[in-house]
Amino acid sequence: MISAAPLTELKKECEILLREAIKKISPETMLETLVLEKPPVWDFGQIASSACFELAKKLGEKPLALAERVTEAVDKSKFSLVQNVVAAGGGYINFHVNFTNFSALTIDSVRRMDTAYGLVKTDKSLEVIVEHTSVNPLHPIHIGQARNPMLGDSIARLLAGRGHSVSRHYYVDDVGRQTAVIAYGYEKLGKPRPIEKPDHFIGKIYTITSCIVEINRLKKELELAKLVSAEEEIAKINRELDDWTAIAFELKEKYPELFEKLLQKIGEDENPESSINALNRAYEAGDEKARLLIREVSELCLEGFKETLSRIGVSYDSWDWESDLVWSGLVIEVLQKLKQTRYISAVGGVLEFEAGKVVEDLGLREKFGLRKDYEVPSLTLVRADGTTLYTTRDIAYTLWKFRKANRCINVIGMEQSLAQTQLKIALYALGYSEQAENLTHFAYNLVTLPGYKMSSRRGRYITLDEVMNEAVERAYQEVSRRSPQLEEEEKRKVAEFVGIGAVRYALVEVDPLKPVEFNWDRVLNFEKNSAPYIQYTHARACSILRKASRKPEKVSYDLLKAKLENEIVFALAEFPEVFVEAAEFLKPNLIADYANNLADKFNTFYNAFPVLKAEPQELSDARLALVDAVRTVLRNALNLIGVFAPEKM
RNA sequence: GGGCCCGUAGUCUAGGAUGGAUUAGGACGCUGGCCUGCGGAGCCGGAGAUCCUGGGUUCAAAUCCCAGCGGGCCCGCCA
């Protein structure tokens, strides 16, 4: 017999036993839901029910006395996966597992189902779009943004494993002032071919250009302010100017040639600010020259992203260009529809969406968990010059996505919570309440650097590439030290998946809502509670199986008597339930945590018991089967968080 | 001013939706052991915690509610 979820099988048996026993004692009592949990201590049993606490209230009896009567009423002839039932504590009913049967069920299930084990299928398969990463094509992906692809990709893997039809989308944000800035600088340089990784090259041009333009703009503003404004205003501009001047010095030091050239070329422009704005307008209008230029720059940067992302094992099914939404008329269409609602106000060409009013009219306060007096701020949809804003286009994009999917998950930092809420409110205002309900903003907290804030505009960031390179380099040193016998090429290969695995694990392991302060120790961890530790454990298990050079044929599961062996079996049986929870609640960190725990248990086992040399062979074979099952589950778990499970390292 | 998120040993972190048998689980660091077994990226042990504070709900609160404190983020014709 095999089962896709052995633990669920066990719980079912416990539930039937319990319900029948309760019925015997008190035929009238109906318990709708029966929660079965895991006792805090292994020796109490493996499954527990607190039903008697509730029941005791109804029957006016002491919980423990009731629990004792219930356990006596249990029909022991129906035991299959259960060994024993006892009343304990203040009134708990504890089930002890029959491990001869449960080990057989669990280990056989894992080994027979292999790559499918744990990935319990949903009965409501949906078309799901997971949009993640979507870093603007202006500069390399930095470590502050790197949490996004790790989480997004893991979520996509979880949902696909759950049986949903998942599509991974990257939203290319090529519309807006920032893209115009980089394109402007790129053109001023004469559209140079990058002599390095293209996104790094683009990043430099972007930072320098935006710095020069900013200083230029502030200087003009200062002139003006001196004529008309108060001293306070002038001081403020001066402070900003000082700030940018400092950055200019930094950049000039770091990239003297590029800086000089841009300074000179931009200096020839009477009014860079207005050139940039003109470029932005032209692009939105679909002007041929603007299109060619901005697409070229963006593609160049994306080329770099793709290299980075494929190195960490992240790929996409669709690259959605924001500009396409504008040019196809979809954005205008949505704007028209919004204008027909009662929630738009127009002041001198500027269009505002009155989200607060929608909340009141449609009674959405509770749905969004808003406090009683809090008024959701209005959202500007269209600038005075007629160009649209980011969230406006995102509304159109969301509706576009819902043509292809019935659930959309946006992996976006929590600093955009308000915008995402406004977007959702807009969907309600347009009558797309179903879509609004099926739209999830998967928010995660920021990664900060100790001491200062990362700023891509200011060019202050640590890139994901740097982090990966450093991790792989460190991994290489570790490999050389620990496995000197390996060939050079082999060492490089191992260093790559160990280093990358470490980075992925480190970023997916922590609860996404918690803020993370970046430090190298976090991602360069090769010891316990890290991907390398789990990878090592997997390789160790593989090594035993390799050395055995036989399949476990004469298996006697009743010989797996040690508590540790039972604990491992139980942990294997839990995997499907952990997976379901992780997939339903979008918590990839549960998988990371689970894999680490299983690895811990396995290493303890490894140290305590021989496998190959165990006697008799029935025991050896049973342990071999256990090792094989652990190997399988570790691999399946690692796959879900995008970490490679090596057979050797 | 208003809103959102976070606050657990020196450091990092689990648990929190569904309050219970908890004595708050783990890692790093510190510290004492284990190289004759199948990979030491390992194993076993020790010390180390006002679960931010104060109220409330409850027979029972790290968990739920309220107020406050600390850190971060947002409230833009930026994205």
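Small disclaimer: the values here were computed from a predicted structure and weren't measured. All heavy atoms count here, side chains included; hydrogens, waters and symmetry mates do not. To find a chain, count down the sequence lines: A is the first, B the second, and so on, and within it residues start at 1.
- Among A41(B), C78(B), C38(B), the nucleotide with an atom closest to any side-chain atom of S543(A) is C38(B).
- The aromatic rings of W520(A) and F518(A) sit perpendicular, their planes meeting at an angle over 60°, well past the 30° parallel limit.
- Using the Watson-Crick or G-U wobble rule with both distances under 3.5 Å, G32(B) pairs with C44(B).
- When atom types are taken as modelled, the side chain of R623(A) and the backbone of P610(A) share a donor-acceptor pair closer than 3.5 angstrom.
- Among all heavy-atom pairs drawn from E322(A) and Y171(A), the shortest one is CG-OH, 3.1 Å.
- Ring orientation note: the planes of Y170(A) and F305(A) are tilted relative to one another, at an angle of 30° to 60°.
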Scoring nucleotides 14-21 of chain B by protein non-hydrogen atoms under 4.0 Å (B base, S sugar-phosphate only, - none) yields S-BB--SB
What string of B, S and - do you get for nucleotides 43-49 of chain B, 5' to 3', if B is base contact, S is sugar-phosphate-only contact and - is no contact with any protein heavy atom under 4.0 Å? SS-----
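- Remark: A27(B) base-pairs with U11(B); criterion is Watson-Crick or G-U wobble with both hydrogen-bond distances under 3.5 Å.
- G20(B) is paired with C59(B) under the criterion used here, namely a Watson-Crick or G-U wobble arrangement in which both key atom distances are under 3.5 Å.
- Figure legend. G39(B) is base-paired to no nucleotide; pairs are counted as Watson-Crick or G-U wobble with both atom distances under 3.5 Å.
- At the heavy-atom level, S417(A) lies nowhere under 4.0 Å from the strands shown.
- Pairing for G76(B) is absent, judged as Watson-Crick or G-U wobble with the two contacts each under 3.5 Å.
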